[in-house]
Visitor: 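The structure is given below, and queries will be raised subsequently.
Bear in mind the structure is a predicted one, so any value in this text is a computation, not a measurement. Sequence positions, counted from 1, serve as the residue numbers for this chain. Just so you know, these numbers use all the heavy atoms, side chains as well, and skip hydrogens, waters and symmetry mates.
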Amino acid sequence: MSKVKAIIAGADFLYMSRFVGDEETRYYLKGVNVEAGAAGGAVLASTNGHVLGAMRLAPDEARFTPDGASFILAASKELLRAVKCAKRETSYIVCRDDRADVVKLNSTPADVGELESAPVTCSFPAGACYIDGT
């Protein structure tokens, strides 16, 4: 089983995707940067080169492994479509070393760590969901 790098809410990812660039030549601006927060949790940031969006998530809202390095999660149409859900559902993205899994639940989990073993709705390989760059 691959190691979990981060777990973030799908709604937070959708919100941050509004700030993602659409220029093909600047591929590193076409995603959401995910890194560890100072007090645990995670920090999400994205930009199109003109507008910057940033979001600080508490440890109960997101999880980032303390030994993990920051990464850029691509805001592809497929991933955005997979994260959208019905009114009574909540979606989460479980970022692993080799893939990103989308998990949808009908209730809010008591702990974000419970999502590691939750049933997966769909999965994306690392080449399709992570962007190389800093």
Side-chain angles (χ1 to χ4, degrees):
M1 179 168 258
S2 62
K3 183 179 141 194
V4 174
K5 299 191 318 185
I7 300 173
I8 58 174
D12 296 335
F13 179 73
L14 282 172
Y15 179 79
M16 292 306 297
S17 69
R18 296 170 19 175
F19 302 101
V20 170
D22 58 358
E23 209 176 304
E24 291 296 324
T25 56
R26 301 174 82 186
Y27 66 92
Y28 49 88
L29 297 180
K30 294 181 67 75
V32 176
N33 185 54
V34 181
E35 57 186 59
V43 175
L44 307 179
S46 61
T47 183
N48 62 6
H50 300 285
V51 179
L52 172 72
M55 181 181 287
R56 188 175 294 141
L57 302 172
D60 60 337
E61 298 173 325
R63 193 178 120 197
F64 194 91
T65 56
D67 59 339
S70 64
F71 59 92
I72 301 172
L73 189 58
S76 65
K77 290 179 184 177
E78 295 83 15
L79 184 57
L80 292 171
R81 196 174 310 127
V83 169
K84 289 182 183 175
C85 52
K87 285 186 179 183
R88 294 194 172 104
E89 285 183 325
T90 310
S91 64
Y92 293 89
I93 303 173
V94 180
C95 303
R96 301 180 187 274
D97 289 331
D98 60 344
R99 68 184 187 277
D101 297 330
V102 176
V103 175
K104 292 187 180 180
L105 301 173
N106 289 330
S107 62
T108 305
D111 181 57
V112 179
E114 294 177 12
L115 296 168
E116 290 182 33
S117 59
V120 175
T121 304
C122 61
S123 187
F124 297 90
C129 61
Y130 299 126
I131 298 174
D132 290 334
T134 55

Visitor: For the OG atom of Ser17 and the CG atom of Asp12, what is their distance to the nearest 0.5 Å?
Guide: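 Result: 11.0 Å between the selected atoms.
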Visitor: Working note: Asp97 + Lys3, criterion side chain to side chain contact (heavy atoms under 4.5 Å, CB included); need CA distance, chi angles, decisive distance, verdict.
Guide: CA-CA 6 Å; Asp97 289 331; Lys3 183 179 141 194; 3.3 Å; yes
Visitor: Within the 4.5 Å heavy-atom criterion, are Leu29 and Thr47 side-chain neighbours or not?
Guide: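 Heavy-atom side-chain distance check passes, below 4.5 Å.
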Visitor: Kindly indicate whether the side chain of Leu44, heavy atoms from C-beta on, has any atom under 4.5 Å from the side chain of Tyr15.
Guide: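 With C-beta onward as the side chain, the pair stays apart.
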Visitor: Does any non-hydrogen side-chain atom of Val20 lie less than 4.5 Å from one of Val32?
Guide: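 Touching, per the 4.5 Å side-chain cut-off.
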Visitor: Nearest heavy-atom pair of Leu57 and Ala62: which atoms, and what distance?
Guide: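 For Leu57 and Ala62, the tightest heavy-atom pair comes out as CD1-CB, 3.7 Å.
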Visitor: With side chains defined as the heavy atoms from C-beta onward, is the minimum distance between Asp101 and Tyr92 less than 4.5 Å?
Guide: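 Asp101 vs Tyr92: side chains apart.
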Visitor: Using the ring of each side chain (for Trp, its six-membered ring), is Phe71 parallel, tilted or perpendicular to Phe64, with breaks at 30° and 60°?
Guide: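 Ring orientation, 0 to 90° scale: parallel.
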Visitor: In Å, rounded to the nearest 0.5 Å, how long is the span from CD of Glu89 to CG of Leu105?
Guide: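 It comes to 8.5 Å.
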Visitor: With heavy-atom distances below 4.5 Å as the criterion, would you say the side chains of Tyr130 and Lys5 are in contact?
Guide: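 Side chain of Tyr130 against side chain of Lys5, heavy atoms only: contact under 4.5 Å found.
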Visitor: Taking the side chain as every heavy atom from C-beta outward, state whether Thr90 and Lys104 have any atom pair closer than 4.5 Å.
Guide: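 SC-SC contact between Thr90 and Lys104 ruled out.
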Visitor: Give the minimum heavy-atom separation between Ser123 and Arg99, together with the two atoms involved.
Guide: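 So the two residues come closest at OG-CD, 3.2 Å.
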Visitor: According to a hydrophobic-cluster definition based on side-chain heavy atoms being under 4.5 Å apart (Ile, Leu, Val, Met, Phe, Trp, Tyr only), do Met16 and Val51 belong together?
Guide: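 Both belong to a single hydrophobic cluster.
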Visitor: Calculate, to the nearest 0.5 Å, the distance between atoms CG and CZ belonging to Leu14 and Arg81 respectively.
Guide: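 Going from the CG atom of Leu14 to the CZ atom of Arg81 covers 12.0 Å.
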Visitor: Give a yes or no on whether the backbone of Val83 and the side-chain of Ser91 come within a donor-acceptor separation of less than 3.5 Å.
Guide: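 Yes.
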Visitor: For Leu79 versus Ala74, what's the shortest heavy-atom pair and its separation?
Guide: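 What the structure gives for the nearest pair is CD2-O, 3.3 Å.
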Visitor: I need the minimum non-hydrogen distance between Ala118 and Val103, along with the two atoms involved.
Guide: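 Looks like CB-CG1, 3.5 Å.
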Visitor: For the residue pair Ser46 and Gly31, what are the closest heavy atoms and their distance?
Guide: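 Looks like CB-O, 3.6 Å.
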Visitor: Can you find a heavy atom in the side chain of Glu35 that is under 4.5 Å from one in the side chain of Val43?
Guide: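 In short, these two side chains touch, coming nearer than 4.5 Å.
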Visitor: Would you sort out whether Leu73 and Cys95 count as a side chain to side chain contact (heavy atoms under 4.5 Å, CB included), showing the intermediate values?
Guide: CA-CA 9 Å; Leu73 189 58; Cys95 303; 4.1 Å; yes
Visitor: Can a donor-acceptor pair be found, under 3.5 Å and without considering hydrogens, that links the side chain of Lys84 to the backbone of Gly10?
Guide: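 Not confirmed, Lys84 side chain does not pair with Gly10 backbone.
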